[in-house]
Amino acid sequence: MLDLKLMQRDPDVVRESLRKRNSKIDVAEFLAMDERRKALIADVEALKATQNRVGPEIAKRKRAGEDAEDLLEEMKRVAERAKELDAELSQVEAAEKEWMMSVPNIPHASVPVGVSEEDNPVVRVVGDVPAFDFQPREHWELGVALGGLDFERAAKLAGARFCVSFGWCARLERALAQFMLDTQTGLHGYTEVIPPYIVNRRTMTGTGQLPKFEEDLFKLTDERDFFLIPTAEVPLTNIYADEVLDEEALPVKFCAFTPCFRSEAGSYGKDTKGLIRQHQFHKVEMVNFAHPDHSYEALEDMTRSAERILQLLKLPYRVITLCTGDMGFGAAKTYDIEVWLPGQDKYREISSCSNCEDFQARRANIRFQPKGAKKKEYVHTLNGSGLAVGRCLVAVIENYQRADGSIVIPEALKPYMGGIEVVEPK
RNA sequence: GGAGAAGUGGCCGAGUUGGCCGAAGGCGCACGCCUGCUAAGCGUGUAUACGGUGUAGAGCCGUAUCGAGGGUUCAAAUCCCUCCUUCUCCGCCA
């Protein structure tokens, strides 16, 4: 959520932001609501002030045994009127809040202006795209042939966009997860967390999934308003909702390995084969709570931490900056890391690292107490995949394939593979 | 799943014949004084949000907030309803 004061004082900044994001949201709508709200507050509070002034007078008369009928009559009318205006005020406030909650974050000045992913500049390219002396195959083809992936039985169990992994493949995914966690906790100072995979509406609203993107989520039919997490960013970031952190404690760095659940509504026809786009996948997520003065350093730091995984696995990748038109709702700046997939002959997203500045912190009410200052400030929150485990499995399979259809296990994963060094066709 | 108890300011804890309660007291914290020695004492201050004004995150005025939401009433921390959370006992269970 944006700062209400900023909306009121400098609506042009918001207009400009929305223009860069190609949004149709109209700031004038907000300004009108805000005017109306202020007018109502003035009226309602004047009436309540009257009530507070006359109330003790009534009590005084009653105690003295005097008649207070005239005041009671008058106050009855005041109370009635106050109630009417209060109801209208509540409506206006709710509408205004909803409007505020649907406005995306303001892009950082360094973010390139653009319309679509075509306009995302490449920041750096790391590792050489491997040259194969045969036609590299796609992961789903290799995985199925080697008995590791089974999409047909998954369809039977659940439906499209699910997968069952067996044997070496299940082990490889577990190895990747463990390797990532060990790297982030051991090398980069992250604290490992196991959060709930089901969260409530408040939590989903704190990070920005709600109210705008409910159709992307799996909602439980339970009357308790439960949702399956689409990413561990949601529970990790909300861990400190409604809390005040010590300034010296910043930055706080959490990581978690969790399943992620996404409805993938509106992605019909995209990536219909393989593991790239599933309703359920695993991800190691990193979340930082940073001091506002250092959050952009933290973004670089987090991105490097994600890249480290690919470097250790010797997987070629590149880093791009998302342009204003391609950036997510809550982000002020986002780097995507794209890994090379020989089977697809292109780079595909495997991590997304964002600085949300105080956008989520304001929604979730996460603050810190600056030393010497009176007022508490919102922290900056960052999140990034470190990495998407399912897509990393895809990358390993495709990059480490050999002409005979076998797959070599990357050096860095061998300690986790229980002796498996090569997966070969039977 | 059954039975019961509780939710007040950073913490503890008063307040339940509705009005004099934004809320006693204590602790903690901040500043000052005193004293001077591994202490203590004294004084003052100590929430947040919104609205108005404005020297525009100074001050002042107003409103709201005693788990959340709704109701009764001229008036509710105090009465009624719903929900949430925590705790205790029993049952069940990975």
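Chain A is the first sequence line, chain B the second, and so forth, proteins listed ahead of strands; every chain is numbered from 1.
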| Between P of B/U48 and CG of A/Asn365, the distance in whole Å | 13 Å
Table please: side-chain donor-acceptor pairs of residues 383-399 of chain A below 3.5 Å, with sequence neighbours left out.
from     : atom 1 : to       : atom 2 : distance (Å)
A/Asn383 : ND2    : A/Glu233 : OE2    : 3.3
A/Ser385 : OG     : A/Ser352 : N      : 3.0
A/Arg391 : NE     : A/Ile276 : O      : 3.0
A/Arg391 : NH1    : A/Glu349 : O      : 2.9
A/Arg391 : NH2    : A/Ile276 : O      : 3.0
A/Glu398 : OE1    : A/Gly343 : N      : 2.7
A/Glu398 : OE2    : A/His139 : N      : 2.8
A/Glu398 : OE2    : A/His139 : ND1    : 3.2
A/Asn399 : ND2    : A/Trp340 : O      : 2.8
A/Asn399 : ND2    : A/Ala395 : O      : 2.8

| said: What's the gap between B/A23 and B/C66 when it is taken at their P atoms, as a whole Å value? | reply: 14 Å
| Atom pair distance, as rounded to whole Å: NZ in A/Lys5 and P in B/A56 | 14 Å
| task | Take atom CD of A/Gln369 and atom P of B/C29, then tell me their distance rounded to the nearest Å. | result | 16 Å
| For A/Glu57, which contact category applies under a 4.0 Å heavy-atom criterion: base, sugar-phosphate, or nothing? | nothing
| Parallel, tilted or perpendicular: which describes the rings of A/Phe289 and A/Tyr240, with under 30° parallel and over 60° perpendicular? | perpendicular
| request: Could you check whether A/Lys375 gets within reach of a base, just the sugar-phosphate, or nothing at all, counting any heavy atom under 4.0 Å? | output: base
| task | Whole angstrom is fine here: how far is it from CG in A/Leu6 over to P in B/A56? | result | 19 Å
| remark: When rounded to whole Å, the CD to P distance for the pair A/Glu93 and B/A49 reads 16 Å
| note | In B/S/- notation (B base, S sugar-phosphate only, - none; protein heavy atoms under 4.0 Å), nucleotides 59-74 of chain B written 5' to 3' is ---BBS-------S-B
| Which residue pairs satisfy the side chain to side chain donor-acceptor pair (under 3.5 Å) criterion with at least one member in residues 275-289 of chain A, sequence neighbours excluded? | A/Glu173-A/His282, A/Tyr190-A/Asn288, A/Thr231-A/Lys283, A/Glu264-A/Arg277, A/Asp271-A/Arg277, A/Lys283-A/Glu285
| RNA chain B: stems of at least 3 consecutive Watson-Crick or G-U pairs whose donor-acceptor distances fall under 3.5 Å | B:1-7 with B:84-90, B:10-12 with B:25-27, B:28-33 with B:41-46, B:47-53 with B:59-65, B:67-71 with B:79-83
| query | Whole Å only: how far is the CZ atom of A/Phe226 from the P atom of B/C84? | reply | 10 Å
When the side chains of residues 51-60 of chain A are checked against the rest of the protein, which donor-acceptor pairs come out under 3.5 Å, sequence neighbours left out?
from    : atom 1 : to      : atom 2 : distance (Å)
A/Asn52 : ND2    : A/Lys48 : O      : 3.4

| said: Could you tell me how far apart A/Asp242 (CG) and B/U48 (P) are, to the nearest whole angstrom? | reply: 16 Å
| request: Not counting sequence neighbours, list each pair that qualifies as a ring pair (Phe, Tyr, Trp, His ring centres under 6.0 Å) and has a residue in residues 19-72 of chain A. | output: A/Phe30-A/Trp99
| request: Look at all strands and tell whether A/Arg63 reaches a base, only sugar-phosphate, or nothing, counting heavy atoms closer than 4.0 Å. | output: nothing
| B/U46 versus B/A39 - spacing of their P atoms, nearest Å | 29 Å
| Passes side-chain contact (heavy atoms from CB on, under 4.5 Å), A/Val234 versus A/Thr203? Steps please. | CA-CA 7 Å; A/Val234 174; A/Thr203 298; 3.6 Å; yes
